[in-house]
Amino acid sequence: MSFWGFSSRLRVRALSRLQIIQKHLMHIGEDPDWLHHGLMSASTSSDKEVLLTRSGCAGIITLNRPKALNALNLPMIRQIYPQLKEWEQDSETSLVIIKGAGEKAFCAGGDIRAVTEAGKVGDRLAEDFFREEYILNNAIGSCKIPYIALIDGIVMGGGVGLSVHGHFRVATEKTLFAMPETGIGLFPDVGGGYFLPRLEGKLGLFLALTGFRMKGRDVHKAGIATHFIKSEEIPALEKDLVSLRSPSKKDVADLLNSYHFKCKADDKFTLADHMDKINRLFKTNSVEEIVENLIQDGSPFALQHLEILKKMSPTSMKITFQQLEEGARKNLSEVLIMEYRLSQACMRGHDFYEGVRAVLIDKDQSPKWKPATLEEVTEEYLSSCFKSLGAKELKL
């Protein structure tokens, strides 16, 4: 049977996965407060987009936009950052906990649609959102006191940036992780260039290019979460954390370990049987070589992910490939400076606006990428994306 005949049966499965990711992105985009950056008129605590409270030894950050899957916007960033820095210096605050309100999400991403609208008209939000988000990501990565993210539910994009750089990430059976940015003409930012190439083998590159979704224990087995517990145990864990007396990082780790080891792990990593293939097929010098490897391999797994890559922005995939190559040799701050350059290149380009149009606005799921093929994305263009922004460079 020919490749195209064989792969046609896989196309439905590949499309289905992409549509699920896109559904989460669309859900965020449907939030009525999105285009107003989520500014609320009511002043009650239940209407605040982020709750910043103290309990026992802990400062607690609660992302409080459950109807928007706790999507992160600029006003939220501007509240979280100074509070985090204040708690870090406060002798009465020994640790920070961040969590999401509601049953569905920790944080399903950033304020994509608002950034798109701003970018179209040259509004400063297209610069300020990425700049201040990355400054917050860096602050989390360098936080001097234990930082614990309870990633109970959907965690994508901007939500990954709020969690993955902290000391501890606690996943549950409800955790759903993905970095689906290549499907909307962007790249896996918020420090993706730092943590993704540091996962086992070529797993990070595979996740970055395909937007593959991982659930529950897989998020821990992949090395993204540090611990796994049952969702129903979250309230008890939080109570025990805030009850600690001047805990060290080791004290926090010991408590998290006690919960983690209570929850026996019998099931193996979903991708375990495919890791040899991922490491072999994705260990290349270019995205074109990955595509060629997938075609040559011809297995159902390879052809399924070939179909997915065909739907992604060629420009985004090439940017992402180089982002992870360079990020493997940089520290987090250096990666974020690089990613800010890339974010602004995307704001100047075509595919981000077209991807958001196809997924969030018109919802036809048929983006028209420019250029349309990997071969048409030139080295000159890629180099321009990574160049210094001079006076507008991100400063950390």
Write out all pairs satisfying salt bridge (Lys or Arg N to Asp or Glu O under 4.0 Å) with one or both partners inside [range], taking only residues at least two apart or from two chains.
| range | answer |
| --- | --- |
| residues 236-246 | K99-E238 |
| residues 275-298 | K277-D297, R280-D297, E288-K318 |
| residues 152-178 | E103-K174, D152-K174 |
| residues 381-396 | E127-K392, R341-E393 |

Should the pair D128-R131 be classified as a salt bridge under the 4.0 Å nitrogen-to-oxygen rule? yes

Residues K85 and E88 bridged, charged N to O under 4.0 Å: yes

Starting from V170, can I reach V242 by hopping between I/L/V/M/F/W/Y residues whose side chains sit under 4.5 Å apart?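 In one cluster with V242: V170, yes.
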
Evaluation steps, side-chain contact (heavy atoms from CB on, under 4.5 Å), between I77 and F129: CA-CA 8 Å; I77 293 167; F129 178 81; 3.7 Å; yes

So does [Y] get a backbone contact from the side chain of [X], meaning a donor-acceptor N/O pair under 3.5 Å?
| X | Y | result |
| --- | --- | --- |
| K370 | K368 | no |
| S316 | L186 | yes |
| S163 | G159 | yes |
| Q344 | A126 | yes |
| N64 | L51 | no |
| E334 | N331 | yes |

Can you confirm whether more than 12 heavy atoms, excluding those of K230, are under 6.0 Å from its NZ atom? no

E200 atom CD: more than 12 heavy-atom contacts under 6.0 Å: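 No.
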
Ring pair (Phe, Tyr, Trp, His ring centres under 6.0 Å) contacts touching residues 360-396 (sequence neighbours left out):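 Listed by first then second residue: nothing to list.
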
Any chance the rings of F206 and F282 have centres within less than 6.0 Å? yes

With sequence neighbours excluded, tell me which residues meet side chain to side chain contact (heavy atoms under 4.5 Å, CB included) with S383.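 Counting only residues at least two positions away or on another chain, S383 forms no side chain to side chain contact (heavy atoms under 4.5 Å, CB included).
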
Residues at least two apart in sequence or cross-chain that pass side chain to side chain contact (heavy atoms under 4.5 Å, CB included) with T53, listed by chain then number, are I60

When you compare the side chain of [Y] with that of [X], does any pair of heavy atoms fall below 4.5 Å?
| X | Y | result |
| --- | --- | --- |
| L382 | F321 | no |
| T175 | V155 | yes |
| L281 | I290 | no |
| T116 | I112 | yes |
| V252 | H167 | no |
| V115 | M347 | yes |

So, using ring-ring contact (aromatic ring centres under 6.0 Å, His included) as the criterion, who are the partners of [X] when residues are at least two apart?
| X | result |
| --- | --- |
| H260 | H220, H227 |
| F195 | none |
| H165 | none |

Scan residues 134-145 for pairs that pass side chain to side chain donor-acceptor pair (under 3.5 Å), counting only residues two or more places apart or in two chains. Y134-D189, N138-S333

Residue pairs passing the side chain to side chain donor-acceptor pair (under 3.5 Å) test where at least one lies in residues 351-362, sequence neighbours excluded: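 Those involving residues 351-362 are S313-D351, E354-R357, R357-D362, R357-D364.
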
Check the pair F301, D273 against side-chain contact (heavy atoms from CB on, under 4.5 Å), reporting the backbone distance first and the verdict last. CA-CA 11 Å; F301 180 83; D273 292 339; over 6 Å; no

Where do T182 and T320 land on the side-chain contact (heavy atoms from CB on, under 4.5 Å) test, with the steps shown first? CA-CA 8 Å; T182 56; T320 297; 3.7 Å; yes

